[in-house]
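All figures in this text were calculated on a predicted structure; none of them were measured in a lab. Any value given below was found using the heavy atoms of this structure, including those in side chains, with hydrogens, waters and symmetry copies removed.
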Amino acid sequence: MLTDSNSSFSMPSTFLLIGIPGLEGGTLWISISFGIIYILGILCNCTILYVLITEKSLHGPMYFFLSMLAMNEVALSSTTMPKLLGVLWFGAHQILAVCCLTQMFFVHLLSGFESGILTAMAYDRFIAICYPLRYVSILTNVILGKIATVIVVRAIVIILPLPIMTGRLQYCTKNVVYHSYCDHMAVVKVACGDIQFNNVYGLVVSLSIIGFDLMFVILSYVMILRAVYKLPTREARRKALGTCGSHISVIFIAAVPIVFDFVAYRVVENTVSLSLQVFCANIYILIPSLLNPIIYGLKTKQIREQLLRTPRPKTVTFKNLQ
């Protein structure tokens, strides 16, 4: 039985995660579905990683970013799903405050990584289509390392204040978090002090990462479309756009739940049920981790060929004994 408990104005030593509020009746089916999707996502991403690492022909810039995305998907889903399944299966609602803040940091950090990686992949497609002859000379290993460093450092610098500010809020007698994991806004709402600065900073984080990255992606594809339009034949234009299909699909899968989550929390909070908000927050983490490797595995010819390739049996010859 969950109860609100704790001391005066300091952060409680533990929080209680509700899970998915309002969907307690479907806990079994939800937990089984989430568990299956989580395991399949781990397997699919690890398979893609194995192929990208072991096949030397797939060590180009695009595959470098794809391997980053696969590793990030494994880490992001593993940050939330084990605890959620523990809540749904074993009633393990309690989480230490320090663990809650740590989970908050990594959930938002890895989400920032994902946004940055998808933006870098848009830049990769821009170079590949607009400057095909200079593709390899522009996206060298040094440049790829710098891009990866910028993605990591930017996310750390922007996200690190979130758990720090949350830990300094005033908390009264409540320690129940109406969420399945320690989302920043869900934990902030437990506080009884002034949370306006946290709200504003959360908005700044969303706009500075997602807003900037989305504008960069749109700009990249505007330039790509201009370059494609100048190609002489329809077949050439089709092939050029075909190389972007996987990336566009992945961006769409990631963007829809992100936009819904942002709007639900900050624009129409009172008109969207809490259970739907939390459910979609988990879908945002789970579904891309499963669909992204499938999309790239099916749509990218080089990866598809490696996945479908099976070792040929060696031909054995027998010599007659004279």
Please lay out, stage by stage, how Asp124 and Tyr135 fare under the test side chain to side chain contact (heavy atoms under 4.5 Å, CB included). CA-CA 8 Å; Asp124 168 82; Tyr135 178 65; 2.5 Å; yes
Chi angles and distances behind the side chain to side chain contact (heavy atoms under 4.5 Å, CB included) call for Cys182, Leu101: CA-CA 7 Å; Cys182 291; Leu101 294 179; over 6 Å; no
Between Phe279 and Ser180, does the side chain to side chain contact (heavy atoms under 4.5 Å, CB included) criterion hold? Intermediate values first, please. CA-CA 9 Å; Phe279 183 81; Ser180 59; over 6 Å; no
Could you go through Val188 and Thr166, starting from their C-alpha distance and side-chain angles, then the distance that decides it, and tell me whether this counts as side chain to side chain contact (heavy atoms under 4.5 Å, CB included)? CA-CA 6 Å; Val188 164; Thr166 304; 4.0 Å; yes
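By the 4.5 Å heavy-atom criterion applied to side chains, Phe113 and Leu76 are not counted as neighbours. Ile138 has its side chain within reach of Tyr123: a pair of non-hydrogen atoms, C-beta onward, lies under 4.5 Å apart. The side-chain heavy atoms of Leu66 and Leu58, taken from C-beta on, include no pair separated by under 4.5 Å. When side chains are defined from C-beta on, Val190 does not count as touching Val176, because their heavy atoms never get closer than 4.5 Å. Side chains of Pro288 and Glu114 form a contact here, defined as non-hydrogen atoms less than 4.5 Å apart. With contacts defined as side-chain heavy-atom distances shorter than 4.5 Å, the pair Met215/Ile218 does not qualify. Side-chain contact check for Asn141 versus Leu144: some heavy-atom pair is nearer than 4.5 Å. The shortest side-chain heavy-atom distance between Met81 and Asn282 falls under the 4.5 Å cut-off.
If you take CD1 on Ile224 and CD1 on Ile127, they are separated by 9.5 Å, rounding to the nearest 0.5 Å. Put simply, OG on Ser208 and CD1 on Ile159 are 7.5 Å apart, with the number rounded to the nearest 0.5 Å. The CG atom of Asp213 lies 9.0 Å from the CZ atom of Phe216; values are rounded to the nearest 0.5 Å. Between Ile295 atom CD1 and Ile248 atom CD1 the span is 11.5 Å, to the nearest 0.5 Å. Ile209 CD1 to Leu207 CG: the interatomic distance, rounded to the nearest 0.5 Å, is 10.5 Å. Interatomic distance, Ser67 OG to Ile48 CD1, rounded to the nearest 0.5 Å: 11.0 Å.
Under a hydrophobic-cluster definition in which Ile, Leu, Val, Met, Phe, Trp and Tyr are linked whenever side-chain heavy atoms come within less than 4.5 Å, directly or via other members, Ile36 and Val74 are assigned to the same cluster. Ile117 and Ile143 fall within the same hydrophobic cluster, where Ile, Leu, Val, Met, Phe, Trp and Tyr residues are linked whenever their side-chain heavy atoms come under 4.5 Å apart, directly or through other members. Using a 4.5 Å cut-off between side-chain heavy atoms of Ile, Leu, Val, Met, Phe, Trp and Tyr, with links allowed through other members, Met71 and Tyr296 fall into different hydrophobic clusters. One hydrophobic cluster holds both Ile32 and Ile30 under the rule that ILVMFWY side chains link at heavy-atom gaps under 4.5 Å. Both Met165 and Ile156 are part of a single hydrophobic cluster, where members link through side-chain heavy atoms under 4.5 Å apart.
Counting heavy-atom neighbours within 6.0 Å of Phe106 CZ, excluding the residue itself, gives a total of 12 or less.
At least one donor-acceptor pair under 3.5 Å links the side chain of Ser289 to the backbone N or O of Leu286. Ser31 places a side-chain N or O within 3.5 Å of a backbone atom of Leu28 that can act as its donor or acceptor partner. Side-chain N or O atoms of Ser115 include none that pairs as donor or acceptor with a backbone N or O of Ser111 at under 3.5 Å. Asn292 places no side-chain N or O within 3.5 Å of a backbone atom of Ala70 that could act as its donor or acceptor partner. When atom types are taken as modelled, the side chain of Gln103 and the backbone of Thr79 share a donor-acceptor pair closer than 3.5 angstrom. Formation of a donor-acceptor pair under 3.5 Å by the Asn45 side chain with backbone atoms of Gly41 is found in this model. Between the side chain of His108 and the backbone N or O of Leu162 there is no donor-acceptor pair closer than 3.5 Å. For Lys189 (side chain) and Ile195 (main-chain N/O), no donor-acceptor pair under 3.5 Å exists by modelled atom type. With hydrogens and angles disregarded, a donor-acceptor distance shorter than 3.5 Å links the side chain of His59 to the backbone of Leu52.
Shown here for Tyr181 and Val177, the closest heavy-atom pair between the two residues is O-CG1, 4.3 Å. The shortest non-hydrogen separation linking Lys83 to Ala92 is NZ-O, 2.7 Å. Residue Gly19 comes nearest to Val278 through the heavy atom pair O-CG1, 3.5 Å, listed as atom of the first residue, atom of the second, then distance. Smallest separation of non-hydrogen atoms from Leu110 and Asn72: O-ND2, 3.0 Å. Scanning both residues, Pro293 and Cys44, for their nearest heavy atoms gives CG-CB, 3.5 Å. The two residues Ser77 and Ile285 come nearest to each other via the heavy atoms CA-CG2, 3.7 Å.
Partners of Ala120 according to the side chain to side chain contact (heavy atoms under 4.5 Å, CB included) rule, which considers only residues two or more places apart in sequence or in another chain, are Phe65, Ile147, Ile151.
Aromatic ring orientation, Tyr221 versus His247: parallel (interplanar angle below 30°, classes split at 30° and 60°).
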